[in-house]
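Scope of the values below: all heavy atoms of this structure, side chains included, with no hydrogens, waters or symmetry mates.
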Amino acid sequence: MSSGNANSVFYANSYHPIQSGSIDGTDILPHDNAVYRALLCSSAGLYDPFGDANLIGDPYSTLFLGCLSRLTNEHTLHKAMGKYGKVKNLRLVRHIVTGASCGYAFVEFQSQREMRRAYQDVHHSIIDDIEIIVDYNRQQLMPGWIPQRLGGGLGGKKESGQLRFGGRERPFRAPLRPIPYDDLKRLGISPPPEGRYLTHFEDPSPPRRPRSSVDKDEHSHLHKRHKHSRHSSRHEGRRSSSKDHLSD
């Protein structure tokens, strides 16, 4: 491995519990007990990312806010996020019994453009004297996602015994050892993107909504209507010109 990769990083596009526990994304054995738990949930299909009844709105326009102060409320978040666009929905996750803030929230913007602007500008900003982190809605948009409460997630602290890599806060380091391609393929783990590493100063982009055939059909229909409208306008213009000429 080239020494030029020593300061290079890469990010996970899909989630695999074993890989998330690896500093360079090449481990083939679980790193801690929580990884075993996440692996069980993943392989047995015990977690449904779309089974949350509180999930509403467009995931491509939704932002995840983490590390929030326990004192931060919905009004404060709405005011802070409103600087970046129209907020359609905001859910500050609270404890089901006590009602206390769990320290994270989901914010849906009017458009994907507004969400991406906030994704870039709000990360590591200060709300209620606390530095927060921002990410896209991985629960719905990242294939294979397993949340932190089930042994997965991204980030975390070393003291908790559940340190996870591959995310915006703690990306994978480019491997300095041989990559076990065959073992990674056997486990269904995406290998490091050799030759396409990033630096710590390059921010990963959130997923974009795929262009569906419906969108294409609608675009084609609008284009035809616009073309027909322009043709009709020119035709009406020629008729009016002819009438004016005859009247003269």
Side-chain angles (χ1 to χ4, degrees), residues 1-52 55 59-60 64 66-67 103-104 119 123-124 133-208 210:
M1 185 63 61
S2 169
S3 59
N5 285 337
N7 296 315
S8 300
V9 300
F10 67 102
Y11 299 87
N13 293 319
S14 59
Y15 195 86
H16 194 289
I18 292 178
Q19 186 180 41
S20 70
S22 170
I23 194 171
D24 64 1
T26 63
D27 284 6
I28 58 175
L29 294 173
H31 182 71
D32 54 53
N33 290 333
V35 171
Y36 278 107
R37 189 165 74 252
L39 197 59
L40 174 63
C41 290
S42 177
S43 59
L46 300 179
Y47 173 69
D48 178 12
F50 302 98
D52 186 351
L55 287 177
Y60 290 96
F64 167 83
C67 296
Y104 64 98
Y119 174 86
H123 193 48
H124 288 168
I133 62 171
V134 165
D135 209 341
Y136 69 87
N137 188 352
R138 292 183 185 269
Q139 178 177 344
Q140 292 179 277
L141 298 180
M142 189 175 203
W145 176 252
I146 298 292
Q148 188 178 44
R149 61 185 172 81
L150 296 177
L154 292 172
K157 296 181 179 180
K158 187 175 182 180
E159 295 78 14
S160 69
Q162 194 170 317
L163 199 58
R164 299 292 176 262
F165 300 88
R168 193 177 188 186
E169 279 293 278
R170 191 174 282 108
F172 295 121
R173 297 179 186 174
L176 298 177
R177 57 183 177 178
I179 300 172
Y181 287 104
D182 291 340
D183 289 323
L184 294 177
K185 183 178 181 180
R186 173 176 55 83
L187 293 169
I189 297 175
S190 300
E194 285 197 287
R196 293 181 287 114
Y197 295 121
L198 302 174
T199 70
H200 278 284
F201 302 103
E202 295 177 278
D203 223 11
S205 296
R208 291 185 180 275

Gap separating the [atom1] atom of [X] from the [atom2] atom of [Y], nearest 0.5 angstrom:
X	Y	atom1	atom2	result
T199	N7	OG1	CG	9.5 Å
L39	I18	CG	CD1	5.0 Å
F50	Q140	CZ	CD	6.0 Å
Y119	S205	OH	OG	7.0 Å
R138	R168	CZ	CZ	9.0 Å
I146	Q139	CD1	CD	10.5 Å

Considering non-hydrogen atoms only, spot the tightest contact between [X] and [Y] and give its length.
X	Y	value
P17	S20	O-OG, 2.8 Å
S22	R177	OG-NH2, 4.5 Å
D32	A34	OD1-N, 3.0 Å
P210	Y60	CD-OH, 3.2 Å
G25	I189	O-CG2, 4.3 Å

TODO: May I ask you to check whether F172 and F165 place their ring centers less than 6.0 Å from one another?
DONE: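 Ring-ring flag for F172/F165: false, centres at least 6.0 Å apart.
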With a 4.5 Å cut-off on side-chain heavy atoms, are [Y] and [X] touching?
X	Y	value
R170	L154	no
V35	R164	yes
L187	I28	yes
I179	P192	yes
P171	H200	yes

Are more than 12 heavy atoms from other residues, nucleotides or ligands located less than 6.0 Å from atom [atom1] of [X]?
X	atom1	answer
R173	CZ	no
D182	CG	no
Y36	OH	no
N33	CG	no
Y104	OH	no
D203	CG	yes

For [Y], does its backbone N or O pair with a side-chain atom of [X] as donor and acceptor, under 3.5 Å?
X	Y	result
Q162	G156	no
D27	L29	no
S42	A38	no
H123	V134	yes
Y15	G153	yes

Open item on the list: In terms of relative ring orientation, are F10 and Y197 parallel, tilted or perpendicular, with 30° and 60° separating the classes?
Closed with: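 Because their plane-to-plane angle lies in the 30° to 60° range, the rings of F10 and Y197 count as tilted.
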